[in-house]
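Everything below concerns the one structure shown next.
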Amino acid sequence: MHPHPTFSVPSTASDWWRDAVFYQIYIRSFADGNGDGVGDLAGIRSRLPYLAELGVDALWITPFYPSPMADHGYDVADPRDVEPVFGDLAEFDALLAEAHERGLRVTVDLVPNHSSHQHAWFQEALAAEPGSPARARYLFRDGRGPDGSEPPNNWPSVFGGPAWTRVSDGQWYLHIFAPEQPDLNFADPEVVADLEKTMRFWLDRGVDGFRIDVAHGMAKPDGLPDMVPMEDTGLLDDHGPGDLRFDQDGVHEVHRRIRAVIDEYPGRMAVGEVWVSDDKRLARYLREDELQLAFNFKLLTAEWTTDDLRDAVTHSLDAVAGTSAPACWVLSNHDRPRHVTRYGGGELGTRRAKAAALLQLALPGAAYLYNGDELGMPDVLLPDEALQDPVWERSGHTERGRDACRVPMPWSGTEASYGFSSHRETWLPMPDGWAPLTAEAQAADPASIQSLYRRALALRASSPAFSGTSLAWLPAPEGCLAFRRPGGLVCLLNLSGHAVPLPEGSVLLASADVGDGSLPDDTAVWLQA
Ligand code: NOJ
């Protein structure tokens, strides 16, 4: 049935996720199987050989559930079905089976904090009376002021504007994100029971785990009091304990319920999108009966300086130190500028991104790659009229939003849509000049970032140098970072502005030529010492 008979055997360890490399597929932008300019499940299936050869262990597929797409799938109208734009359940089952045959695990997004306004429950709530059980599944409240025309509290939405929208009978409902994403009420047992039902639905089909959206949301403080006024809510940032929308103690009860379901299915896992920067508060999500992994976003927010990068590593390791969880490293995702661009763009950005790849993949724990990281994809400056992120409209066209990091992946050929789709037009336009960036062009170039990723992933999977879960910092020249793993891997990263001598040991891999015995600026090397 499959053209390539040499499948790698998936690890049978039940804690396979501890050092796995996950590949995030932003479904709209990965591969289009049906020629409508939007990525889909069939497109993913057609690219499984590429992913297996690249050497990742597992996939995270962003939401593909029925959705009016107010937030491109993070507004879920039915969490137990497939959006027709992306395929159907049979296509999902086929993708899952084939991924498993190829040794790739598959995890999917779980979006508990909110539903779409088109979800049957929300439609029912709108039609129901204030105070009814249908409204109790969400957070409906009366407004303030003599005629209730002021929102119930001063919370801002993450996407700009107030976090409340008024309905025709005068009540307001809470939406931490877009108005099309009403927050669910986790104090209502039916809401928790429905989440468990959704989890079992996908676990029974065979998924290997979940990425939990806004995993620090869900619980809201009693009485929904005002919070410290916050003009700029900063997209998915952590504002600390004053931000009453997130990281409330009650959220841990929800995580315990989630974990109880996961534990019914040996070998399955959950990673949380927890935007909590305090190490101790983050660690609370990783207690024995809560999440197995939480994204460490500190690498994603670090500047390209030794201080920032060292801090990011140290804090991420400190956060998990008192828990049984490994760290979980992220350089880019679909919500933030891509790291090639953050690091300066162009050749410089790519050079640094290559070095960053060796840093990320040398660290102990799990790692998440975002589709296109392996091609060194940069952000794209899109024309105003192409922008689709709700942030653009809700900010009154002052924030461009996240579309720049969501442009479809270039696979082959010399012009748009570069093998992404059989259609020239894609849901976000692809720029001219991407021929050298395509997966096909890079596969043929041993010096490409894609070739570096392939070699790095192969080494990480096979070399005993990567064994052990700890990291020891080593003395390093000024402007450099160096650390050692118990198995003997040494990683040296040079940001000093000039070349430095290579340390002792045999070179396993370097992000640029080290043939003259020195490590150039903005370069990393792996050595076996
Ligand atoms: C986090 C997701 O990564 C982001 O894309 C989405 O907009 C919000 N959660 C709301 O679901």
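No hydrogens, no waters, no symmetry mates; every other heavy atom, side chains included, goes into these values. We count ligands from 1, going down the list as the structure has it; atoms in each ligand are counted the same way.
- Those atoms of ligand 1 with a heavy atom of Arg406 less than 4.0 angstrom away are 5 (O).
- Geometrically, Arg245 does not engage Trp155 in a cation-pi contact defined by less than 6.0 Å to the ring centre and at most 45° from the axis.
- Here is the list of ligand 1 atoms found below 4.0 Å of a heavy atom in Asp213: 1 (C), 2 (C), 3 (O), 8 (C), 9 (N), 10 (C), 11 (O).
- Under the rule for a side-chain hydrogen bond (donor to acceptor under 3.5 Å, both in side chains), Gln292 has no partner lying at least two apart in sequence or in another chain.
- Ligand 1 lies less than 4.0 angstrom from a heavy atom belonging to Arg211.
- Within the cation-pi definition used here (under 6.0 Å to the ring centroid, within 45° of the axis), Arg80 does not qualify as a partner of Phe201.
- For the pair Arg336 and ligand 1, no heavy-atom separation below 4.0 Å is found.
- Assignment of Arg402 to the shell around ligand 1 is supported, since a heavy atom sits closer than 4.0 Å.
- For Asn154, there are no side-chain hydrogen bond (donor to acceptor under 3.5 Å, both in side chains) partners, not counting sequence neighbours.
- Distances below 4.0 Å separate heavy atoms of Val214 from the following atoms of ligand 1: 9 (N).
- Taking a cutoff of 4.0 Å between a charged side-chain nitrogen and a carboxylate oxygen, Arg402 and Asp335 qualify as a salt bridge.
- Proximity of Asp335 to ligand 1 is established by a heavy-atom distance of less than 4.0 Å.
- Near His114, with a cut-off below 4.0 Å to any heavy atom, the atoms of ligand 1 are 10 (C), 11 (O).
- The pair Asp57-Arg105 fails the salt-bridge criterion, with no side-chain N (NZ, NE, NH1 or NH2) lying under 4.0 Å from an Asp/Glu carboxylate O.
- Salt bridge annotation for Asp318-Lys298: absent, with no cationic side-chain nitrogen under 4.0 angstrom from a carboxylate oxygen.
- Below 4.0 Å from some heavy atom of Phe159 lie the following atoms of ligand 1, by number and element: 7 (O).
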